[in-house]
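In what follows, a single structure is set out as C-alpha cells and then discussed.
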Amino acid sequence: MDLVCPAGSLPALKKAVDAGADCVYVGLKNATNARNFTGLNFTREQLLDGVAYAHRHRRQVLLALNTYPQARNWREWTDTIDLAAELEVDAVILADPGLMHYAVDRHPGLRLHLSVQGSATSFEAINLYQRYFGIRRAVLPRVLSLAQVQHVIDNTDVEIEVFGFGGLCVMVEGRCALSAFATGESPNCNGACSPGKHVRWEDTPQGMETRLNGVLIDRFGKDERAGYPTLCKGRFDVEGETYYALEEPTSLNTLDLLPELARMGVKAIKIEGRQRSPAYVAQVTRIWRAAIDRLQTRGDGFEVDPAWMAALNQVSEGQSHTLGAYYRPWK
Amino acid sequence: MPQTLKLALGPNQYYWPRQAMLDFYAGIVDSPVDIVYLGETVCARRHELRMDDWLEIGQVLAEAGKEVVISTLPLIESASDLKALRKLTEQAGFRIEANDMAAVNQLDRAGVEGWIAGPTLNVFNPHTLGWLQAMGARRWVAPPEMSRADLTALIAACEQPPEVEVMAYGRLPLAYSARCFTARHFNLQKDTCEFRCLQFADGIRLHTREGEPFLTLNGIQTQSAQVHNLLADLPGVAQAGVGVLRVLPQGEHTADILALFDDARRHKLDPQLAFEHSHAYMSDAPCNGFWHGRPGVEQYVVSSSIAA
C-alpha cells in the first residue's frame, strides 16, 4: 500500500520524503491544480529540484493537474503536461478527459491518474477512462461507504487510491460550485475553494466574524477558536435553528480502518494538506508510515497506537476527526 | 436571434408527492415547452414515481409532440444505483441525459447515439466535448458556472458544435454530497430519512446568521437560495450560440414562468419586461452572476441598451 503525501512547497516535499512517503503530490503555481493558493506550490525550477530529490531517495512525484481548462487557456494546461513529461514526474493526476487525450497522444509513456476532481464514484466511470486513456489509478471522492469502495475495487483493474487523512470535503469534488457561487472563483476552473483574498475577519461586539466575499460564514464567541471561513463549514440558520448545517469543522481520519482498507485491496492512501506547513507534513507522514509498517509486520495483530491518534487530533481541523462517508451513519 | 430558441423543462429537482408530480406533468402537455426532461436527478431514495411511471408520463408527452429525455442520477454510489442506471440506458426508449461518466460508459458500450451530455459532466473545453460527441452526444447542457464569454469561446472552438443548452431559470444546483442535509436538519440519517423532502416543494432555505438567504437544502443537493433567471439576458444567450433554454420546475407558477420565456423567445414580449413580470412568480430574489463571469449569487444588471 503506497503512502501518498502532500507537498505544497519544496521544503514540504523533502520533509515528506524524509518521513517515509512513497509518493508526494505537488502542483504548479497557477490555476492548473486544485490548491491554487497564494504562496503555495512549485515553480519549474523547484519542481526539477523536487523530482531529483525524490528520485534520489527512490520515491515518486505525482503532479496534480486536476482543474478544468477552458478554450481561452487550454495551452497553459497542455504546456504543464509537456513539462511533466520533460521533468519525468512519475504520474500526472488529471480530471479533464480532453487533457487525458492530449497526454496520451503526445506522451504515451506518461502515467495517468484520475483525480478526485473527476468525480468518479463507480467502476463504470473509472473503466470509461481506462478504456479511452489507459489510466492506471483513480482517486475516489470521499462519498462512498467501505462496502461501496469494495464494490469498485472488485470490478476494475485500475488501482484505487482513497483519502486517509486531512481536510474533509463534504461535497463530491468536481461537483461543487459553492465557492464560485459566493466568490466567482471555483475549485473546478480556478483551483480555489473559499480563496483567501475574499476572506475577512472582523472583531465585532457580537464576536469574531468571518466572511467570504461579504457573506457571513460564522461568528465566534469569546471562548471559541475562530476557524477559517470554508463555506461548507460555517454556521447558518435553517428554519430558526443555527448550527453547522452542512458539516462541523473536522478532519477525516481513517487510521482505524487501515487494516480493512488494505484487505480490500486499496492500492494507495492519500494524505490531504498541500496548504499545510512542512512540519505538519512531516508529522502526519511519520505517523502514517509507522502505521502502514506496523500493519505489514503484524498483520491481524495491528493496533492503532493511541499516541498516533492524539498527535493527529492535535493537527486536525477543530481538533476532532470523523470517518466521514466510510461510516454509513455519517450520511 | 436567427432561430427561435427551444424551450426545455429541466428535470424536477424536488421531491413532491406522487399525485402532485402526476398533476404537474399533466399540465405540461399543453405548455409551450419543446423538450421535457424526466426522471430522478437528486436522490436514489426518492421513488414516489418509479421508472414505469416516468415512462408512462414520457409516452403521454411524446404523443403531445414533446421531445422526451430521461435524466440520470449525478451521484452513483451503490451497485443498485448502477443497476437502475443500466435499466434506464438500455430500456428507456427515450433519449438519455447522462449526468455521470458511468452513464456515458454504458451508453457508449451499448452504441447508443443521440444522447445528451448533462450539466454535471464538467465539460469546460471543446476537446472534452468533442470526445463526448464522438461517443454519440448530440446536445450538451453547459455547467451552471460557465460564463457567456467562456461558452462563446468554447462553441467557436468546436469543429462541429452540438446543440447547446443553458440553465435559464431556477435555483442553481451547486453541489452534491453523500450526506443528506435535509435528514441532518431533522437529526435523521439518510438511510432513515422519513422522506422529509416531501414536505418542502422548493427545498429548505438556509440563511446566514444575519438573516440573508444564501442556499437551499434539497436532500443531498445544495442549491442557491436565489433564483437564477436569464430572462433579461435572452438576446445575449441567443448570440452566444445557445439553442435551448432550460427552465427548472419550481413549487408554484412554473407554467407562468414558461409562458414568459415563450413570449420572450418569440419576441412577443421585451426580455427586460418579461424579467420584470417574472418577479411576481419568484419566491426568492433573482441572480445571474455566473452568466456574466461574476459570483453566481449576484444579480448583475445589464443596461437596457446592451440588453436590447
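Chain naming here is simple, since letters A, B, ... match the order of the sequence lines and numbering starts at 1 in each. What you see is a predicted model, and the numbers here were worked out from it, not measured in a lab.
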Query - Intermediate values then yes/no, side-chain contact (heavy atoms from CB on, under 4.5 Å), Gln189(B) and Arg328(A) - result: CA-CA 9 Å; Gln189(B) 291 170 11; Arg328(A) 226 184 148 93; over 6 Å; no
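- Across Leu206(B), Ile220(B), Asn122(B), the residue that shares the most heavy-atom pairs under 4.5 angstrom with chain A is Asn122(B).
- Residues Phe181(B) and Val170(A) meet the side-chain proximity criterion, which asks for heavy atoms closer than 4.5 Å.
- With contacts defined as side-chain heavy-atom distances shorter than 4.5 Å, the pair Asp100(B)/Arg175(A) qualifies.
- For residues 67-79 of chain A, the interface with chain B (any heavy-atom pair closer than 4.5 Å) comprises Tyr68(A), Pro69(A), Gln70(A), Ala71(A), Arg72(A), Trp74(A), sorted by residue number.
- Both the backbone and the side chain of Pro74(B) come within contact range of chain A, each with at least one heavy atom under 4.5 Å from a heavy atom of that chain.
- Contact annotation: the side chain of Thr242(A) approaches that of Arg209(B) to within less than 4.5 Å [non-hydrogen atoms, C-beta and beyond].
- No side-chain heavy atom of Cys180(B) sits under 4.5 Å from any side-chain heavy atom of Lys331(A).
- Open room surrounds CZ on Arg109(B); 12 or fewer heavy atoms of other groups in view lie less than 6.0 Å from it.
- Neither the backbone nor the side chain of Leu121(B) comes within contact range of chain A; no heavy atom of the residue lies under 4.5 Å from a heavy atom of that chain.
- Comparing Glu145(B), Arg184(B), Met101(B) by how many heavy-atom pairs each has under 4.5 Å with chain A, the most go to Arg184(B).
- Listed by chain and number, the residues in a salt bridge (charged side-chain N to carboxylate O under 4.0 Å, His left out) with Glu185(A) are Lys197(A) (sequence neighbours excluded).
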Apply side-chain contact (heavy atoms from CB on, under 4.5 Å) to His228(B) and Phe181(A), showing your working. CA-CA 11 Å; His228(B) 178 69; Phe181(A) 180 65; over 6 Å; no
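- The contact between Ile76(B) and chain A is made by backbone and side chain atoms together, counting heavy-atom distances below 4.5 Å.
- The line from OH of Tyr102(A) to CG of Asn125(B) is 13.5 Å long, rounded to the nearest 0.5 Å.
- For Phe290(B), the part lying near chain A is the side chain, with the backbone staying farther off; criterion is any non-hydrogen pair under 4.5 Å.
- Counting heavy-atom pairs under 4.5 Å between each of Pro329(A), Ala182(A), Cys189(A), Cys176(A) and chain B puts Pro329(A) at the top.
- By number of non-hydrogen pairs under 4.5 angstrom with chain A, the leading residue of Gln226(B), His207(B), Lys190(B) is His207(B).
- Per-residue heavy-atom pair counts under 4.5 Å with chain B were compared for Asn155(A), Leu216(A), Thr183(A), and the maximum is reached by Leu216(A).
- Taken to the nearest 0.5 Å, the CG atom of Leu75(B) stands 11.5 Å off from the CE atom of Met171(A).
- When the candidates Asn188(A), Val152(A), Asn213(A), Asp218(A) are compared by the number of heavy-atom contacts under 4.5 Å with chain B, Asn188(A) comes out ahead.
- The closest side-chain heavy-atom distance from Glu247(A) to Arg179(B) is below 4.5 Å.
- Note that CD of Glu210(B) is 4.0 Å distant from CZ of Arg211(A), once rounded to the nearest 0.5 Å.
- Contact of Ala120(A) with chain B is not made at all, since no heavy-atom distance falls under 4.5 Å.
- In this structure, Leu178(A) and Leu215(B) have side chains that are in contact, with non-hydrogen atoms separated by less than 4.5 Å.
- Interface residues of residues 228-236 of chain A toward chain B, defined by a heavy-atom distance below 4.5 Å and sorted by number: Leu231(A), Arg235(A), Phe236(A).
- Within residues 121-146 of chain A, the residues approaching chain B closer than 4.5 Å by heavy atoms are, in numerical order, Thr121(A), Ser122(A), Phe123(A), Glu124(A), Ala125(A), Asn127(A), Leu128(A), Tyr129(A), Arg131(A), Tyr132(A), Phe133(A), Val143(A), Leu144(A).
- When heavy atoms are compared at a cutoff of 4.5 Å, His101(A) does not approach chain B at all.
- Distance check: Glu241(A) CD to Asn187(B) CG gives 7.0 Å after rounding to the nearest 0.5 Å.
- Only the side chain of Thr222(B) comes within contact range of chain A, with heavy atoms under 4.5 Å apart.
- Remark: Phe186(B) CZ is packed, more than 12 non-hydrogen atoms of other residues, nucleotides or ligands lying under 6.0 Å away.
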